[in-house]
Amino acid sequence: MKLSRFLFVLLILSMLSGCGDSASTAEEYNPCRMEVMAMDTIMSLTVYNQPAEEGMEVLRKAATRIEELDALLSVTDENSEIYRVNHGGGEAVSLSEETRQLLAEALALCGSTGGALDVTIYPVVRAWGFTTGDYRVPEAAELSALLADVDYTRAALEGERLTLPEGVELDLGAVAKGWTGDQLMELFAGAGVTSAIVELGGNVQTLGAKPDGTPWRVALQAPEGGYAGVLEIVDKAVITSGGYQRCFEQDGVTYIHIIDPSTGYPAESGLVSATIVADRGVQGDGLSTALFVMGREKAEDYWRAHHDFDFILLCEDGTAVMTEGLEDSFSLYGGWEDSPLEIIRK
């Protein structure tokens, strides 16, 4: 599972579960909050304008939903569907409808990005130690051998049954939190909630606007610390991948956790972060990784071919790049405030 991507809400969330007192000026919109530990991260959930008991009941259902998805998608839980697939010995394994839907979307993203996102990269990421914290630089021969089994097209999904060849391993961590955010938005809306925000280990997703009707404000972290920009959103997912989030240094060289599936080595794309703003979290989750791997030029080409999302790229040369759909909702901040900001148009 992906760890935190360091996109923070400009809103102080309580560290405790509970609802505010609607009679209090500070708690005017009666927020109900809960934190859940799942998918290797802390998840903060907040719904607004709900009576206390109803609000907490919605959050309890949300927590249960998160736990259900975590149990299905974990790569290390021996009872999960993904674990059974990865250890299926090349035999077909039946999937639940939920896992099948997510996998189908993930494979479609792998295809549309030309493999810049590849959900079978897990053995390579593990070899670098990014899944365990035991960091190391694998030998070229080891990476070459592992890359022979990195190919999303070899994941044969037919109906509800998935077959992986021996040696191919699946990890949906690149899309799991985004998918979870989508499921939570559906749950909230179905319960009559009209204003909510979740922070799933750094993935931010919102339902509607803030309870006062204004846009939510989220901040992009700068690689050097502090914030690089502020973004206003309504009913959107905002998800960032950055090379500074998880990395290690060996012999004076810094190695980041975002692996290029074409080489098996950390991506060298000229970017320090890629932020996706999309209607759906699963799309934003997958594309934040893919566009980081692609780099600026290919990311622009991909956006022009699809343009059903927006992006913000922070480049190694100190330039910021954003698509035209964010022109009125994003501004640079802090140490990046005077940086060149280029707008990409169709």
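What you see below is based on every heavy atom in this structure, not just the backbone, and it leaves out hydrogens, waters and symmetry mates.
Comment: E324 engages R345 in a salt bridge, judged by a side-chain N to carboxylate O separation of less than 4.0 angstrom. Salt-bridge formation is detected for the pair E105/R280: a Lys NZ or Arg NE/NH1/NH2 atom is positioned less than 4.0 Å from an Asp or Glu carboxylate oxygen.
Aromatic rings of W336 and Y227 (six-membered ring for Trp) have centroids beyond the 6.0 Å cut-off, not under it.
H257 contributes a side-chain N or O that, together with a main-chain N or O of R246, makes up a donor-acceptor pair within less than 3.5 Å. A donor-acceptor pair is defined here as one N or O able to donate and one able to accept, closer than 3.5 Å; such a pair exists between the side chain of R136 and the backbone of A127. No donor-acceptor pair closer than 3.5 Å links the side chain of T99 to the backbone N or O of L95. Between the side chain of T64 and the backbone N or O of R60 there is at least one donor-acceptor pair closer than 3.5 Å. Remark: the backbone N or O of F292 is not paired with any side-chain donor or acceptor of S241 at under 3.5 angstrom. With hydrogens and angles ignored, the 3.5 Å screen pairs no side-chain donor or acceptor of D70 with any backbone N or O of A38. Proximity of a side-chain donor or acceptor of S195 to a complementary backbone N or O of A209 within less than 3.5 Å is detected.
Residues F330 and V234 do not share a hydrophobic cluster, defined by chaining ILVMFWY side chains whose heavy atoms lie under 4.5 Å apart. Hydrophobic clustering (side-chain heavy atoms under 4.5 Å, transitive across Ile, Leu, Val, Met, Phe, Trp, Tyr) keeps Y83 apart from W179.
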- Could you walk me through whether R126 and E169 pass salt bridge (charged side-chain N to carboxylate O under 4.0 Å, His left out), step by step? CA-CA 11 Å; R126 185 174 57 205; E169 292 186 64; 2.7 Å; yes
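Within 6.0 Å of the CD atom in E139, the count of heavy atoms belonging to other residues, nucleotides or ligands does not exceed 12.
D182 and Q283 share no side-chain donor-acceptor pair at under 3.5 Å.
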